[in-house]
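No experiment lies behind these values; they were computed from the predicted model shown.
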Amino acid sequence: MNPVLVVHGGAVRIVDKDQKEPVRQGIIRAATVGYNILREGGSAVDAVESAVTVLEDDPEFNAGFGSVLNTDGEVEMDASIMNGKDLSAGAVSAVRCVANPIKLARLVMEKTPHCFLTDQGAAKFAAAMGIPEVPGKQLVTERNIKLLEKEKHEKDAQKLDCQKNLGTVGAVALDCRGNVAYATSTGGIVNKMVGRVGDTPCIGSGGYADNDIGAVSTTGHGESVMKVNLARLALFHVEQGKTLEEAADISLGYMKSKLKGLGGVILVSKAGDWAVKWTSASMPWAAVKDGKLHSGIYLDDASITDLP
Ligand SMILES: CC(C)C[C@H](NC(=O)C[C@H](N)C(=O)O)C(=O)O
């Protein structure tokens, strides 16, 4: 089986001119790291975890270091991961002082009898697993302090603003043994209430993976994504015989028509097909298959190159 790796860097985002290149570079770096794991025979779970870790460490994206701030000016992060082989899943929400929430989500999946830990319990578990605590302030970037200030001064703060600098991250993979997996990680939405949990850690909303169908990772307005179970909905349509592109269009279209919710999805099928779709202004993405790297940010700027 030829491995496939797809990553995204969030939806509803107008990438500033001076940010376009670092965003593209970050996405390509993550795709390359993930794909190299698959190429060397590694598992889909390892590949998606590593790709998302690269993006959590990159301040250009709204996950890990670079996460947007809640109304108290703090970082609270959500993440989830799923193994399509046995439907095992792990998630964390409202975690504050870890560098890589996706690694913690994987530990929840593999080292506990549960699939979802939150807030203080997640922090305790992280400490028990020997994950170093990072001071919350270390995750806060100057850009996100400014973004929160701007958001607080805007009258219509609840309205989705396409100028906001956002960038939830996610990955899906198919490995050479035919296993699929997804990972998604986010700082959520700027100026969110303390304790607000979005779609990203919710299995079926932030992502889904089943070897009999494929894998999906989502981004978008969390309150909308959750209400339609966007990831599972997309895979349902694949199960019903739709192509990946059709399934993505139908499920994103449903979210838009029912809730005016915008977002994006990346998908890989068990057969090794892949698709990327969004209803927002843009979505940085990259996909690697057969050594070819496909990437883009807007609708009309997809490019194909050989993987370095
Ligand atoms: C404004 C939104 C649509 C932008 C999008 N945000 C998320 O994906 C947030 C995540 N789904 C949540 O709700 O917690 C982004 O980061 O690109």
Side-chain angles (χ1 to χ4, degrees), residues 8-16 18-23 25-27 29-30 51-80 91-105 117-127 129 131-154 157-158 160-170 183-201 206 219-223 284:
H8 72 76
V12 190
R13 159 179 185 148
I14 303 282
V15 180
D16 290 345
D18 57 335
Q19 262 178 273
K20 208 172 159 181
E21 213 30 54
V23 164
Q25 295 293 326
I27 281 289
R29 203 177 321 120
V52 164
T53 299
V54 169
L55 295 168
E56 286 179 336
D57 291 340
D58 188 333
E60 291 296 332
F61 299 91
N62 172 20
F65 183 70
S67 288
V68 297
L69 308 180
N70 69 16
T71 191
D72 283 358
E74 302 156 341
V75 164
E76 282 184 295
M77 300 164 291
D78 300 334
S80 65
V92 292
S93 67
V95 293
R96 288 160 182 264
C97 298
V98 297
N100 298 110
I102 201 64
K103 291 188 179 170
L104 190 56
L117 289 179
T118 191
D119 198 8
Q120 289 176 25
K124 260 192 190 170
F125 173 64
M129 288 287 113
I131 293 185
E133 195 175 308
V134 292
K137 289 237 163 2
Q138 214 169 293
L139 300 167
V140 177
T141 60
E142 215 31 64
R143 188 192 281 168
N144 280 310
I145 293 174
K146 288 202 184 109
L147 186 68
L148 179 64
E149 270 168 23
K150 189 171 162 252
E151 178 72 15
K152 287 201 169 194
H153 286 103
E154 267 167 25
Q158 293 307 312
L160 276 185
D161 177 351
C162 289
Q163 299 300 325
K164 278 178 211 157
N165 170 29
L166 296 151
T168 291
V169 304
T184 313
S185 182
T186 190
I189 284 181
V190 63
N191 202 26
K192 64 185 180 180
M193 288 172 70
V194 175
R196 178 266 189 188
V197 173
D199 58 307
T200 301
T219 173
H221 180 240
E223 282 68 12

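Here the CG atom belonging to Asp199 is positioned 7.5 Å from the OG1 atom belonging to Thr168, to the nearest 0.5 angstrom. The OG atom of Ser80 lies 12.0 Å from the CG atom of Leu104; values are rounded to the nearest 0.5 Å. For the atom pair Leu147 CG and Lys152 NZ, the distance stands at 12.0 Å (nearest 0.5 Å). Considering OG1 of Thr186 and CD of Glu76, their distance stands at 12.0 Å, rounded to 0.5 Å. The line from CD of Glu149 to CG of Leu69 is 10.0 Å long, rounded to the nearest 0.5 Å. Between atom CE of residue Met77 and atom OG1 of residue Thr200 there is a gap of 12.5 Å, rounded to the nearest 0.5 Å.
Under the rule for a salt bridge (charged side-chain N to carboxylate O under 4.0 Å, His left out), Asp57 has no partner lying at least two apart in sequence or in another chain.
Panel note: side chain Asn144, backbone Gly66; a donor-acceptor pair is recorded below 3.5 Å. Remark: side-chain polar atoms of Glu56 are paired, donor with acceptor, to backbone N or O of Ile102 under 3.5 angstrom. With hydrogens and angles disregarded, no donor-acceptor distance shorter than 3.5 Å links the side chain of Ser185 to the backbone of Val169. Judged by distance alone, the side chain of Asn62 and the main-chain N or O of Gly187 form a donor-acceptor pair under 3.5 Å. Between the Asn100 side chain and the Lys103 main chain, no donor and acceptor come within less than 3.5 Å of each other.
The pair Glu133-Arg96 fails the salt-bridge criterion, with no side-chain N (NZ, NE, NH1 or NH2) lying under 4.0 Å from an Asp/Glu carboxylate O. Residues Glu74 and Lys192 are not paired through a salt bridge, judged by the lack of any N-O separation under 4.0 Å between the basic side chain and the carboxylate.
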key: side chain to side chain contact (heavy atoms under 4.5 Å, CB included) between Asp58 and Phe65, worked out   = CA-CA 6 Å; Asp58 188 333; Phe65 183 70; over 6 Å; no
message = For Glu223 and Ile189: C-alpha separation, side-chain torsions, deciding distance, then whether side chain to side chain contact (heavy atoms under 4.5 Å, CB included) applies.
response = CA-CA 10 Å; Glu223 282 68 12; Ile189 284 181; 4.3 Å; yes
query = side chain to side chain contact (heavy atoms under 4.5 Å, CB included) between Lys20 and Gln25: does it pass, once the steps are laid out?
reply = CA-CA 9 Å; Lys20 208 172 159 181; Gln25 295 293 326; over 6 Å; no
request  = List the steps and the verdict of side chain to side chain contact (heavy atoms under 4.5 Å, CB included) for Val190 and Lys150.
outcome  = CA-CA 10 Å; Val190 63; Lys150 189 171 162 252; over 6 Å; no
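Donor-acceptor pairing under 3.5 Å is lacking for the side chains of Ser93 and Asp78.
At a threshold of 4.5 Å between non-hydrogen side-chain atoms, the residues Lys124 and Met129 do not count as touching. Counting only heavy atoms from C-beta outward, the side chains of Val98 and Val134 never approach each other to under 4.5 Å. Between Pro59 and Thr141, some side-chain heavy-atom pair lies under the 4.5 Å cut-off.
Heavy-atom minimum distance, Val95 versus Ala122: CG1-CB, 3.5 Å. Between Phe61 and Gly167, the shortest heavy-atom distance links the atoms CB-O, 3.5 Å. Between Glu151 and Asn191, the shortest heavy-atom distance links the atoms CG-CB, 3.5 Å. Scanning both residues, Arg196 and Gly188, for their nearest heavy atoms gives NH1-CA, 3.9 Å. Of all the heavy atoms in Ala30 and Leu55, the pair that sits closest is CB-CG, 3.6 Å.
Checked options Leu148, Val68, Ile145; the residue passing with Val140 is Ile145 (criterion: side-chain contact (heavy atoms from CB on, under 4.5 Å)).
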